[in-house]
Protein chains: 2
Amino acid sequence: MNIYDVSERANVSIATVSRVINGNPNVSEKTRNRVLAVMDELGYTPNVFARSLGLNTMRTIGIMCADSSDPWLAGAIYYLEQELRRSGYDSLLCCSGYLPETKKKYLELLLSKRVDAVILAGSHYVEARQKDNAYLIEASKELPIMLVNGCLDGKQIYSTVCDDRTAVYESVTRLIRSGRTSVLYLYAGSSYSNLQKLAGYHDACAAAGLNIRDDLVRICPKDLDGTEELLRSLASAGLKFDAVFAAEDVMAVGAVKYANKTGIKIPDEMNIIGYNNSILSRCTDPELTTVDNKVESLCTTTVTTLMKVLGGGNVPVKTTISAELIKRGTTDF
Amino acid sequence: MNIYDVSERANVSIATVSRVINGNPNVSEKTRNRVLAVMDELGYTPNVFARSLGLNTMRTIGIMCADSSDPWLAGAIYYLEQELRRSGYDSLLCCSGYLPETKKKYLELLLSKRVDAVILAGSHYVEARQKDNAYLIEASKELPIMLVNGCLDGKQIYSTVCDDRTAVYESVTRLIRSGRTSVLYLYAGSSYSNLQKLAGYHDACAAAGLNIRDDLVRICPKDLDGTEELLRSLASAGLKFDAVFAAEDVMAVGAVKYANKTGIKIPDEMNIIGYNNSILSRCTDPELTTVDNKVESLCTTTVTTLMKVLGGGNVPVKTTISAELIKRGTTDF
DNA sequence: TTGTATGCGTTATCAT
DNA sequence: ATGATAACGCATACAA
């Protein structure tokens, strides 16, 4: 069942059938209807493979993420897929894990599939060490690379980021203004957005005239048990802190659990702020104050930008979106 | 840059280049090396579109789910994608939403993309009304349809399910044996697995010699606020219950919040059991007792089965996996 | 072991 | 408005 069968049955050439398929206006109303009727009668569907070969595109975008089961990334994938489909593109999903080698390998795999562009979801794709990003620069010579919450310079690299630095700055400033003197800062790694957030923390301390205390800035496992354990060990080592700012909700949840178990009263004796406004932030008691970093906006903006890029339009290489502090029960300002 | 360029430069025919690409053993070591060297030198990558056209497959599987940001589905997608890639297949993601019409529309979209098979993740794809499933039967005439936690009869339909009915039966039985007399059962809809779970609840009541009380079986919104509100209104309407069995973790979390706010002591005055063993179940205080329905096993089994199907092997049309009750702080048995 | 020739199902160019 | 025909880049049956 192909275009020849249709053309034969409709008494036209394959060229005409092709025109009908592609909505070319140079077909008489009568012929168009006859062809459509035959296509319907035969249950004909154009072969995408042949189509792709001729057009040299499948209208497919590669979506890469480290781990699609991470709540934030799962949300991002959802919005990206929806927006892409709305624009007539399919989504090829690829979970790369967190290691630079596998990221590189999977990006190359996507390139070999000739996707029209690649969207990298999550800040993990921009590493602190410039050499770990070389493969992205390289790939961007072949096709557009869209970063969701990451930022990198390159000819065909476009970034849509949340202003994490300002968000953390403002949140920590509010903690300090409300009388907190020792804000423990927990973060999970040195990705682009983690570095931005950390800078925001430093900004806030500096603006408040506080010394940066290295003992209050800690790398923390990105899971509940690890976070609880870290806090317990810090406390038993004598570290005093009256607030926790966590760069990820899951660590903030861990902090709430630590406080609840230890009998520390939230928010009176300890304030806690999370990041992402994920569903987790609403499961604790009290519910978490958290920073909403606008996944949906980031994703729709990314796709909108991408469509302009693919359409040959001129677009900004970097778009910044503001975060929003969601006040709930773990803070008292 | 195509196979002709390579063949010319290596002084061989395109057939030989093709053989090298596809690892055909009928190529002399010497020739193979020369061709490989040229491919490397030219940075040649075979064109997947042309390849697909000839082979009539892109080695791509369509993954459909209602909403990839749902925690359970997000996990499923992750495991499915990993397993498929391990087997050399790409994943085309398609979030269909929950409406029968859109599900049908998106499935047809996937078919038109000529994927090798479709995996339907989540029990929402099998509806109670048989006519709402007709499109699946229809599609299964074209390609294999794999159901993850759903069950349906059809020539090329394969189901991998968790034994939800037994899991609920056993959990509710334990509640009753430990002295609970009124187990409120909350569920979200009439999908395949929801009906199975409900049957398990009925089984447990019957086995314990209790009457089925319709006032204890309630459809519940699948979100925190909706669940809390439902419980509040039930209580204020005079309904007494000393345990809640929720068909989804999120509702169980809502129940915990309700109890905590109302001053009902968990687990002494109320037991709560959730379903899915999602990260949510560990965020509450106390942590949720919940049923682990083995997403990872379901997904790896589904892909294993699919590979056998695609390989022409004979495979069971239905595989059942056992759930596991994870005991935490919201129960006292 | 290697090469030749053909088919895969479109789209697009150029006639008419 | 319509038709004939050449790409598109590969895999493979058949020949040598």
Side-chain angles (χ1 to χ4, degrees), chain A residues 1-40 42-60 88 90 109 111-116 142-143 310, chain B residues 1-39 42-60 88 90 109 111-116 142-143:
Chain A
M1 162 68 57
N2 57 30
I3 203 169
Y4 287 92
D5 299 324
V6 177
S7 76
E8 206 168 301
R9 182 125 183 149
N11 282 314
V12 293
S13 70
I14 61 161
T16 299
V17 177
S18 179
R19 289 190 190 98
V20 171
I21 293 171
N22 295 288
N24 186 313
N26 292 331
V27 182
S28 76
E29 187 67 16
K30 206 172 130 192
T31 308
R32 171 184 314 284
N33 287 334
R34 192 167 71 248
V35 172
L36 285 174
V38 171
M39 288 183 6
D40 196 49
L42 268 52
Y44 165 78
T45 315
N47 184 305
V48 282
F49 302 146
R51 197 152 212 265
S52 306
L53 179 57
L55 299 175
N56 196 32
T57 165
M58 274 251 303
R59 289 185 74 82
T60 298
D90 287 323
L109 197 85
L111 295 196
S112 77
K113 296 294 154 53
R114 315 233 165 186
V115 294
D116 296 302
E142 310 283 328
L143 42 51
L310 293 176
Chain B
M1 162 68 55
N2 57 31
I3 204 170
Y4 288 92
D5 299 324
V6 177
S7 75
E8 206 169 303
R9 181 125 185 151
N11 282 317
V12 292
S13 72
I14 62 160
T16 299
V17 177
S18 179
R19 289 191 189 98
V20 172
I21 293 170
N22 295 289
N24 187 313
N26 291 331
V27 182
S28 75
E29 188 67 15
K30 207 171 127 193
T31 309
R32 155 169 285 107
N33 288 334
R34 192 166 71 246
V35 171
L36 286 174
V38 170
M39 286 182 9
L42 268 51
Y44 166 77
T45 314
N47 184 308
V48 281
F49 301 147
R51 198 155 211 266
S52 306
L53 179 58
L55 299 175
N56 197 32
T57 166
M58 273 250 304
R59 290 185 74 81
T60 298
D90 288 322
L109 196 85
L111 295 196
S112 77
K113 297 294 154 53
R114 314 233 166 184
V115 294
D116 297 302
E142 310 283 329
L143 42 52

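Reckoned from all heavy atoms, side chains included, excluding hydrogens, waters and symmetry mates. Lettering of chains follows the sequences in order, A, B, ..., and the numbering in each one begins at 1.
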Task: R34(A) side chain vs A10(A) backbone, donor-acceptor pair below 3.5 Å - done: yes
- [ ] Specify the separation, in whole Å, of atom CG of L55(B) and atom P of dG7(C).
- [x] 17 Å
- [ ] Report the distance from atom CZ of F49(B) to atom C1' of dT11(C), rounded to the nearest whole Å.
- [x] 14 Å
Open item on the list: In whole Å, I'd like the distance from the CZ atom of R32(B) to the P atom of dT1(C).
Closed with: 10 Å
Open item on the list: Rounded at 0.5 Å granularity, tell me how far CD1 in I3(B) sits from CE in M39(B).
Closed with: 9.0 Å
Task: Donor-acceptor contact below 3.5 Å, side chain D5(A) vs main chain N2(A) - done: yes
Task: Under 4.0 angstrom between T16(A) side-chain N/O and dG3(D) OP1 or OP2 - done: yes
Open item on the list: Considering every strand and a 4.0 Å limit on heavy-atom distances, what is the contact class for N11(A): base, sugar-phosphate, or nothing?
Closed with: sugar-phosphate
TODO: Give the rounded distance in Å between these two atoms: CD of E8(A) and C1' of dG9(C).
DONE: 15 Å
Open item on the list: Under a 4.0 Å threshold between the charged nitrogen and the carboxylate oxygen, would D90(B) count as salt-bridged to R59(B)?
Closed with: no
- [ ] For N47(A), report the nucleic acid contact type (base, sugar-phosphate, nothing); a contact means any heavy atom under 4.0 Å.
- [x] sugar-phosphate
Task: Comparing I21(A) and A50(B) on DNA chain C - which has the more 5′ nearest nucleotide - done: A50(B)
Task: Length of the CD1-P vector between I14(A) and dT5(D), whole Å - done: 11 Å
- [ ] Nearest whole angstrom, please: distance from the P of dT12(D) to the CG of N56(B).
- [x] 13 Å
Open item on the list: Go nucleotide by nucleotide along DNA chain C from the 5' end; which of L53(B) and P25(B) gets its closest nucleotide reached first?
Closed with: P25(B)
Task: Under 4.0 angstrom between T31(B) side-chain N/O and dT2(C) OP1 or OP2 - done: yes
Task: Value rounded to 0.5 Å, distance of CZ in F49(B) from CE in M58(B) - done: 7.0 Å
- [ ] Ignoring backbone atoms, test whether S28(B) places a side-chain nitrogen or oxygen under 4.0 Å from the OP1 or OP2 oxygen of dT2(C).
- [x] yes
Task: Sugar-phosphate only, base, or nothing, as touched by N22(B) at under 4.0 Å among non-hydrogen atoms - done: sugar-phosphate
- [ ] State whether R51(B) places a side-chain N or O below 4.0 Å from either non-bridging phosphate oxygen (OP1 or OP2) of dA11(D).
- [x] yes
TODO: Indicate whether OP1 or OP2 belonging to dA1(D) is found under 4.0 Å from a side-chain N or O atom of N26(A).
DONE: yes
Open item on the list: Looking at S18(A), I'd like to know whether one of its side-chain N or O atoms comes within less than 4.0 Å of OP1 or OP2 on dT11(C).
Closed with: yes
Task: Touch class at under 4.0 angstrom, heavy-atom based, for V48(B) against every strand present - done: nothing
TODO: Indicate whether OP1 or OP2 belonging to dC10(D) is found under 4.0 Å from a side-chain N or O atom of Y44(B).
DONE: yes
Open item on the list: For the CG atom of N24(A) and the CZ atom of R32(A), what is their distance to the nearest 0.5 Å?
Closed with: 7.5 Å
Task: Any N2(A) side-chain N or O less than 4.0 Å from OP1/OP2 of dC8(C) - done: no
Task: Separation of dA12(C) P from I3(A) CD1 (nearest whole Å) - done: 11 Å
Open item on the list: Please classify the nucleic acid contact of Y4(A) as base, sugar-phosphate, or nothing, using heavy-atom distances under 4.0 Å.
Closed with: base
Task: Gap between atoms CG and P, on N24(B) and dT1(C) respectively (whole Å) - done: 9 Å
